[in-house]
Structures are given as structure tokens and as C-alpha cells.
Amino acid sequence: MLNMDFAVAARVDTASAPWQASPLPGVWRKPLAREDAERGHATSIVRYDAGARFARHLHPGGEEILVLEGVFSDEDGDYGPGSYLRNPPGSGHAPFSEGGCVLFVKLHQFARGDAASVRIDTASAAWLPGQGGLQVMPLHSYAVEHVALVKWPAGERFVPHRHWGGEEILVLSGEFIDEHGRYPAGSWLRSPHHSTHHPYTEVETVIWVKTGHLPVAPNRR
């Protein structure tokens with residue numbers, strides 16, 4: 001298991017982490033959190049070499065994807081950089097990439113009853129005004145779970161706050177900062193239920209962020 005104690009903060013600099021071969025030739029991974037080698041809860045950065053293909057398979061616990069680089073494809077379409085996809089529990093596909101791609105992937109993490117299939121091109125979707133100078137692009141909400149992109153202008157300071165149900169962040173550009181550290185592009189952060197921080201930026205920064213999805217009771221797995 002890797003980073004499966006949800007009561008403990010996790011921090012990974014994915015830019016410097018080594019690629020690890022997957023069981024499929026041409027597909028590489030940087031594991032961030034993993035329950036078992038090839039099943040169950042998993043969060044990873046995944047790279048497809050040009051021409052890499054998976055056989056059709058099912059996702060019993062659902063699959064969530066953000067395309068970071070290149071074009072990711074399956075029988076339903078082609079998804080370029082910034083594409084946000086949710087494939088609900090029980091869905092299946094045969095993914096591939098003709099030219100290669102890099103993805104942020106979360107497996108087996110859908111809330112019970114969440115059956116939404118989502119396809120959003122964040123490169124063309126509208127930003128909405130958020131608190132202070134922030135801009136927000138909502139991606140998905142179900143019960144207490146919320147997923148969005150958030151754009152921080154240079155010099156923005158957010159109010160100190162507490163995370164009910166935890167918070168998970170992938171820094172897409174710029175540098176995210178709080179009293180616990182500085183996190184450049186590629187940083188993955190997971191903060192447990194009732195954790196607190198006072199975040200800010202010095203340069204324009206864009207993050208993918210999910211809140212409300214972690215256990216609210218200590219989980220010592």
C-alpha cells in the first residue's frame with residue numbers, strides 16, 4: 001500500500017518522481033496513492049507512449065481522468081490537454097493514444113450512488129468568479145464532494161480555512177504555497193479531514209482541487 005492512511009497529509013513532487021513500468025508495454029506510472037498493485041483505490045500520473053493501447057476493460061469502482069499532455073482516446077472520442085473525464089462504476093472502454101499522452105488518473109474512488117458520466121474540455125470552458133481574485137471552473141459535484149479547477153492571480157491570499165472531508169490538489173501551473181511548504185507545478189497534495197491551512201500565491205497558479213471526499217474518521221490502513 002502507498003499513502004493509504006487518509007488521516008495523514010501526503011505530498012509528492014511528481015515532476016521528480018521516477019516512471020514505473022505498468023503490466024502493459026508502453027504505459028508508465030508514477031503512483032501517488034495505491035491500495036494494491038493492480039486493483040482497488042489508486043491515484044497516479046500515467047504516461048502512454050505513442051501507439052500504446054489497452055484492451056477493453058471495466059471500471060468496477062469508476063475512473064476519473066484529467067489529461068495533462070497529448071491526446072488520450074477511446075472508442076467514444078479523442079481528448080486533448082485539459083480534458084476532464086469521469087467514467088462511472090461499471091463502465092468500460094478500450095483506451096489508447098496515437099501520439100502519446102500524460103494523465104492524472106484516479107480509480108475506484110466514486111462515492112456510492114455517483115453514476116455521472118462527465119466530459120469537459122477545460123481549455124474552452126468558462127471560468128467563474130470565486131472568492132477574492134480567484135476564478136473557478138466547476139467540474140463535478142456529488143453530495144459533499146466537489147471537483148474544480150481554480151485559477152489564482154499573482155499575490156492572492158485565501159482566508160485560513162479548515163477542510164471538512166479533506167482536500168486534494170494537483171498543481172497544474174505556477175506555484176501553490178501555504179504555511180506548510182511551497183508546491184511547484186506537478187505537486188500532488190492530500191490533506192485529511194479537519195486539516196487547516198492559509199494558502200497563497202506569488203505567481204499566477206492553476207490547481208485541480210477536490211474536497212469533501214476523504215474519510216471524516218481516522219483511517220489507519
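Throughout, residue positions are numbered sequentially from 1 according to the sequence presented. None of these values were measured; they are calculated from a predicted model. Side chains included, hydrogens not; waters and symmetry mates left out as well; all remaining heavy atoms used.
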Can you check whether [Y]'s main-chain N or O pairs, donor with acceptor, with [X]'s side chain at less than 3.5 Å?
| X | Y | answer |
| --- | --- | --- |
| Thr122 | Gly82 | yes |
| Glu156 | Ala154 | no |
| Arg190 | Leu32 | no |
| Glu179 | His198 | yes |
| Ser191 | Ala9 | no |
| Glu175 | Thr205 | no |

Using the test side-chain hydrogen bond (donor to acceptor under 3.5 Å, both in side chains), find all partners of Trp28 that sit at least two apart in sequence or belong to another chain.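 Residues passing side-chain hydrogen bond (donor to acceptor under 3.5 Å, both in side chains) with Trp28: Asp49.
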
State, without any angle test, whether [X] and [Y] hold a side-chain donor-acceptor pair at a distance under 3.5 Å.
| X | Y | value |
| --- | --- | --- |
| Asn87 | Arg119 | yes |
| Trp208 | Glu168 | no |
| His59 | Ser91 | no |

- Test: Glu145 and Arg86 ion pair at under 4.0 Å: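 Yes, Glu145 and Arg86 are salt-bridged.
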
Open item on the list: If you apply the rule salt bridge (charged side-chain N to carboxylate O under 4.0 Å, His left out), what do you find for Arg162 with Glu167, and how did you get there?
Closed with: CA-CA 9 Å; Arg162 185 179 300 275; Glu167 179 185 60; over 6 Å; no

| query | Taking the inter-plane angle between the rings of His197 and His180 on a 0 to 90° scale, is it parallel (under 30°), tilted (30 to 60°) or perpendicular (over 60°)? | reply |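 Because their plane-to-plane angle is under 30°, the rings of His197 and His180 count as parallel.
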
Parallel, tilted or perpendicular: which fits the ring planes of His41 and Phe6, with parallel below 30° and perpendicular above 60°?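 Geometry flag for Phe6 against His41: tilted rings.
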
query: Taking ILVMFWY side chains as joined if any heavy atoms are under 4.5 angstrom apart, and letting links pass through other members, which residues group with Leu2?
result: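 Besides Leu2, the cluster holds no residue at all.
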
- Report yes if the distance between the aromatic ring centroids of His93 and His57 is under 6.0 Å, otherwise no.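 Yes, the ring centres sit under 6.0 Å apart.
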
